[in-house]
Amino acid sequence: MPPSIDRRKFLLVSALASVTAACGSDRSRRPSAASAVPLSRTDSPAALPLHDDVPMIANGLSPEKGGTLKLLNYAEYISPDVVKKFGKEHGVEVEITTFNTQEEAIAKLRNAGASFDVWFPTPDVIAKAAVGKLLQPLNKTYIGNLGNAWPQLQNPFYDEGARYSVPYNAYTTGVGYRADKVSDVTGYDLLWNPAYKGKAYLIDDPREALALAMLKNGSIEINTEDPAKIAQAGAWLTELVGLMNIKIGLTAFQYVPEGQATVHHCWSGDMINAQSYLPKGVDADVIGYWYPPDTTGVVGTDSIAIPRSATKPVLAHLLLNHLLDNGIGQENFSYTGYQPALTVITPEKMVTDEFVTDQLKTAIVTPEVYARSQQIFQISPAGDALWNDTWAKFKAGQ
């Protein structure tokens, strides 16, 4: 499996305030007008607005033939074989344009004269894109495979009724480690254990790293905008400077298998990818991944949508359906290392199919884990600035 660093590196570090501005809304204001962006939470789902001048396609249309189907995606976040197979089946070329941040993707979508047929957004930007009329509503008569997805993502809280998106991949945030060097897996405390001083890493991301400090200390308020609570999280992280000579990075998939890191705060897909980076002769059982068995863990998903500018909207719907096919989803998983949110993908099946070792079953996300875990939501630009400033102070003190 190739690394997915380009995709993961920028998943949660997009400049939210800039993205908001790009779509013409400000989430710090109370949503009092029809054009305001709904603020979705798991306990308060949002039905995104539909627009008379952006209709969904009609039923029963034939897929467009010839030409090029244009995808807008993170680098190396879809299998070339899966894309090639789809293009061959429908007689089209498939072209992938990459981006590093969702802000960059939205700028590409808004560029006059540009058109894309399929986009891979994160859930936090879907509402802004829908309000900004950058997306077209989905006609789910073309997407029968949506029924293969986790039930809660067939009607997700961030896009109630799946008006504009279908789920793509799922991940958790935990601690990757070298099982041959860690004798006692103590959860988040691994990153505060002096036995691993100089060999411990945090994800280079303000929300993820500060959330880690909160969760380790018993707080699940990982979307707070309270300056005192954010500052406290920064103080907890600062403990790691002297205690652990803590480092930050985004290459857990490489550092853990190669032994540069003994413990690494990371995304679940990083440890699945790590199996491909082991030195010759080193058994894959040395890669471990810890994720909390209770509510004190972070989970997230990615999505797929069809831009308003699509010139092949029927074919775009069929690609969404293609990626939600159980067999195609597993094939795509074997390339990206990040699992599709399909009910057929279970820890037991992935061990049996030799996607992961028994040691890495915890890196496979289930609907139950998704339901009980915490999510990093979009917050106001002012709140986001507090998190970024606190993180910057921590990094300056390293």
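Lys393 pairs by the salt bridge (Lys or Arg N to Asp or Glu O under 4.0 Å) definition with nothing, not counting sequence neighbours. Listed by chain and number, the residues in a side-chain hydrogen bond (donor to acceptor under 3.5 Å, both in side chains) with Lys349 are Asp353 (sequence neighbours excluded). Applying the salt bridge (Lys or Arg N to Asp or Glu O under 4.0 Å) test to Glu160 and every residue at least two apart in sequence or in another chain returns nothing. Residues meeting the salt bridge (Lys or Arg N to Asp or Glu O under 4.0 Å) test with Asp226, sequence neighbours left out: none. Listed by chain and residue number, nothing satisfies the side-chain hydrogen bond (donor to acceptor under 3.5 Å, both in side chains) test with Gln152 (two or more places apart in sequence, or in another chain). Remark: Asn223 engages Arg207 in a side-chain hydrogen bond (donor to acceptor under 3.5 Å, both in side chains) (not counting sequence neighbours). Applying the side-chain hydrogen bond (donor to acceptor under 3.5 Å, both in side chains) test to Gln375 and every residue at least two apart in sequence or in another chain returns Tyr370. Annotation: salt bridge (Lys or Arg N to Asp or Glu O under 4.0 Å) contacts of Glu95 (sequence neighbours excluded): none.
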Using distance only, find each side-chain donor-acceptor pair of residues 253-260 under 3.5 Å and give its atom names and separation, not counting sequence neighbours.
residue, atom, partner, partner atom, Å
Gln260, NE2, Tyr201, OH, 3.2

Less than 3.5 Å apart, which donor and acceptor atoms pair up between the side chains of residues 180-190 and the rest of the protein, not counting sequence neighbours?
residue, atom, partner, partner atom, Å
Asp180, OD1, Arg178, NE, 3.0
Asp180, OD2, Arg178, NH2, 2.8
Tyr188, OH, Thr296, O, 2.5

Name each donor-acceptor pair under 3.5 Å that joins a side chain in residues 45-55 to protein atoms two or more places apart or in another chain, with its distance.
residue, atom, partner, partner atom, Å
His51, NE2, Ala130, O, 2.9
Asp53, OD1, Lys133, NZ, 3.2
Asp53, OD2, Lys133, NZ, 3.0

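Applying the ring pair (Phe, Tyr, Trp, His ring centres under 6.0 Å) test to every pair with at least one member in residues 378-398, sequence neighbours left out, gives these pairs: Trp391-Phe394.
Of all the heavy atoms in Ile306 and Pro313, the pair that sits closest is CD1-O, 4.2 Å.
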Would you check, one step at a time, whether the test side chain to side chain contact (heavy atoms under 4.5 Å, CB included) holds for Trp267 with Leu250? CA-CA 9 Å; Trp267 291 293; Leu250 288 158; 3.8 Å; yes
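Taking the charged nitrogens against the carboxylate oxygens, Asp358 and Lys361 do have a contact shorter than 4.0 Å, which makes a salt bridge.
Ring pair Phe99/Tyr74: centre-to-centre distance below 6.0 Å. Checked against the 6.0 Å centroid criterion, the rings of Phe377 and Phe157 qualify as a close aromatic pair.
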